[in-house]
Undergrad: 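Quick one: structure below, then a few questions.
Every chain is numbered from 1 and lettered A, B, ... according to where its sequence line falls, protein lines coming before strand lines. The structure displayed is predicted, hence computed values, not measured ones.
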There are 2 protein chains.
Amino acid sequence: MTTITWQSVQAEALRRIRSREWPPGAQIPHEADLATELGCARATVNRALRDLASAGLLDRKRKAGTRVPLNPVRKATFDIPIIRLDVQARGLPYTYRLLHQTTAAPPPDVAQRLMLPGDTPMIHILALHLAANAPFCLEDRWINPAATPHITTADLSEISANEWLVQNAAFTAGDVALSAIAAPPATAHHLNCPPGAPLFTVDRTTWAGATPITCVRLCYAPGHQMQAKI
Amino acid sequence: MTTITWQSVQAEALRRIRSREWPPGAQIPHEADLATELGCARATVNRALRDLASAGLLDRKRKAGTRVPLNPVRKATFDIPIIRLDVQARGLPYTYRLLHQTTAAPPPDVAQRLMLPGDTPMIHILALHLAANAPFCLEDRWINPAATPHITTADLSEISANEWLVQNAAFTAGDVALSAIAAPPATAHHLNCPPGAPLFTVDRTTWAGATPITCVRLCYAPGHQMQAKI
DNA sequence: TCGATTATTATGTACACACATATAAATACT
DNA sequence: AGTATTTATATGTGTGTACATAATAATCGA
């Protein structure tokens with residue numbers, strides 16, 4: 001006897017959505033009915049549909065039931081790797097250069113993004129990540145020392161702040177903004193590219209609960225691509 | 001009596017990871033032990049830890065148990081909205097202009113990305129999405145008509161291919177590449193920006209099972225940001 | 001007729017149990 | 001010693017039940 005898995009239920013639901021057996025906007029049978037129809041427990045159907053809903057392929061509401069959205073908003077995910085591992089995964093030797101480190105009050109926009117008073121002294125890092133001795137990524141970071149007291153004892157010329165933080169300050173949430181900017185002169189100099197070159201840029205702010213940890217701008221050398229999956 | 005929820009178990013696990021009560025690299029108690037310790041069923045612990053693992057915060061292997069990864073690879077997600085809704089969500093009026101539509105054999109790189117023979121005739125679309133009458137995004141798309149026969153009857157000057165496909169060709173998988181490019185002259189002309197301007201660019205290929213559906217390059221006007229969440 | 005209150009109902013989740021499955025560890029075998 | 005086989009174990013998943021919760025639909029009252 002073959003048992004129905006939640007994956008098979010999910011596949012069947014997906015098939016019905018794609019074939020328009022469940023057309024956009026329509027309500028689909030409720031869990032109990034599907035369970036009896038497909039010959040499995042409601043929990044199995046629940047798991048299958050819950051996952052589809054979190055992927056944006058179904059809308060579920062208590063009492064209202066489950067329906068196929070008219071305008072599904074699909075979600076894509078990408079990894080946030082340690083830059084060293086990102087480079088090494090490409091088969092390139094990695095090096096790292098700490099360009100600058102101070103403790104100072106952050107510029108207003110950084111303070112605002114971290115929701116901290118503007119006069120809080122923070123650690124400022126400017127560092128260059130290199131792949132095969134070519135500039136790969138310029139890291140411009142502000143760290144809230146109150147969130148990570150140990151960092152004052154870390155030697156950030158040996159290990160990148162990026163890596164230190166990933167290993168020592170597990171964060172619970174963060175937001176990321178992706179954009180393309182024209183390389184400012186100083187950045188262009190560090191990345192060894194012409195000023196104005198298009199740079200793929202990641203602005204990231206991370207939190208441990210309600211405590212802001214760090215806020216970083218990563219400017220990647222021209223030509224960089226970031227991969228994501230749907 | 002207060003019942004333990006999987007969320008509370010997850011929060012407690014997260015706390016232990018952050019506090020290094022479960023240090024990086026260490027193995028954590030197995031599900032059954034945690035269940036008895038926290039006073040809940042193993043299924044509840046399983047759900048909590050499974051979700052943490054899919055977020056990259058734990059590594060789980062059968063028999064080997066669960067451990068805190070030394071180098072956690074966190075995952076961020078972003079929405080893939082219909083461009084019209086993206087514009088309207090910013091409170092701007094949306095317009096759309098079909099610039100070009102033909103049926104032809106695709107260039108080799110497109111054929112390769114879709115894993116189709118190079119001589120398959122495909123639909124090629126060039127369209128401009130505008131926000132408040134300013135260029136917002138240039139869409140350069142190739143569509144496999146074999147995957148979506150109905151599209152030949154769609155009037156793509158009225159509804160964008162982007163929107164038509166989302167509503168009519170639910171895909172099961174896709175990959176996305178994000179990058180920054182210097183605006184080529186033609187693109188710059190359409191987006192009304194100087195040639196060479198940094199453009200945030202999304203290259204997306206989508207599939208319905210093993211059948212390739214479409215492959216699109218979206219070039220956003222300078223200054224565009226894409227938001228993601230961790 | 002309208003607004004507040006009360007059912008009704010579909011999803012969300014917890015639990016106890018059972019069995020499946022991957023795989024590390026131990027054992028037997030050559 | 002090295003390899004193949006077995007065993008033990010932690011996670012993965014399905015089932016049936018029970019109750020919680022949100023939100024719609026029905027009912028009631030002014």
Undergrad: Under 4.0 Å between a side-chain N/O of A/Gln7 and OP1 or OP2 of D/dT13, yes or no?
TA: yes
Undergrad: Do A/Arg113 and A/Asp203 come close enough that some side-chain heavy atom pair is under 4.5 Å?
TA: yes
Undergrad: Taking 4.0 angstrom as the limit, do A/Glu12 and A/Arg18 come out as a salt bridge?
TA: no
Undergrad: For D/dG12 and B/Arg50 - does any side-chain N or O of the residue sit under 4.0 Å from the phosphate oxygens OP1/OP2?
TA: no
Undergrad: In terms of the nearest nucleotide of DNA chain D, which residue is placed more toward the 5' end: B/Gly65 or A/Thr44?
TA: B/Gly65
Undergrad: Which part of the nucleic acid, if any, lies within contact of B/Arg42, taking any heavy atom under 4.0 Å across all strands shown: a base, the sugar-phosphate backbone alone, or nothing?
TA: base
Undergrad: Rounding to a whole Å, what distance do you find between B/Arg67:CZ and C/dA24:C1'?
TA: 12 Å
Undergrad: Give a yes/no on whether any side-chain N or O of B/Arg60 is located under 4.0 angstrom from OP1 or OP2 of D/dG12.
TA: yes
Undergrad: Report the distance from atom CG of B/Leu58 to atom P of D/dT11, rounded to the nearest whole Å.
TA: 11 Å
Undergrad: What are the residues of residues 10-39 of chain A, sorted by number, that bring a heavy atom to within less than 4.0 Å of DNA chain C?
TA: A/His30, A/Glu31
Undergrad: Taking B/Asp59 for the side chain and B/Pro69 for the main chain, is one N or O donor matched with an acceptor at less than 3.5 Å?
TA: no
Undergrad: Grab the NZ-P distance between A/Lys63 and C/dT9 for me, whole Å please.
TA: 6 Å
Undergrad: Distance check needed: D/dG12 P versus A/Asp51 CG, whole Å only.
TA: 14 Å
Undergrad: What I want to find out is whether B/Arg16 reaches B/Glu37 closely enough, with some N-O distance under 4.0 Å, to be called a salt bridge.
TA: yes
Undergrad: May I ask you to evaluate whether B/Lys61 reaches the phosphate of C/dA24, defined as a side-chain N or O under 4.0 Å from OP1 or OP2?
TA: yes
Undergrad: Counting side-chain heavy atoms from CB outward, which of C/dA16, D/dA25, C/dG12 is closest to A/Arg62?
TA: C/dG12
Undergrad: Keeping B/Thr120 on the side-chain end and B/Leu116 on the backbone end, is there a donor-acceptor pair under 3.5 Å?
TA: no
Undergrad: B/Thr66 side chain N/O closer than 4.0 Å to the phosphate oxygens (OP1, OP2) of D/dA10?
TA: no
Undergrad: If the test is ring-ring contact (aromatic ring centres under 6.0 Å, His included), which one of B/Tyr96, B/Phe136, B/Tyr220 qualifies with B/His129?
TA: B/Tyr96
Undergrad: Under 3.5 Å, is there a donor on one side chain and an acceptor on the other for B/Thr214 and B/Arg141?
TA: yes
Undergrad: Hey, which of these two, B/Trp6 or B/Ala64, hits DNA chain C nearer its 5' end, going by closest nucleotide?
TA: B/Trp6
Undergrad: Would you say C/dT11 has OP1 or OP2 under 4.0 Å from some side-chain N or O of A/Asn46?
TA: no
Undergrad: Over how many whole Å does the gap from A/Leu52 atom CG to C/dT11 atom P extend?
TA: 13 Å
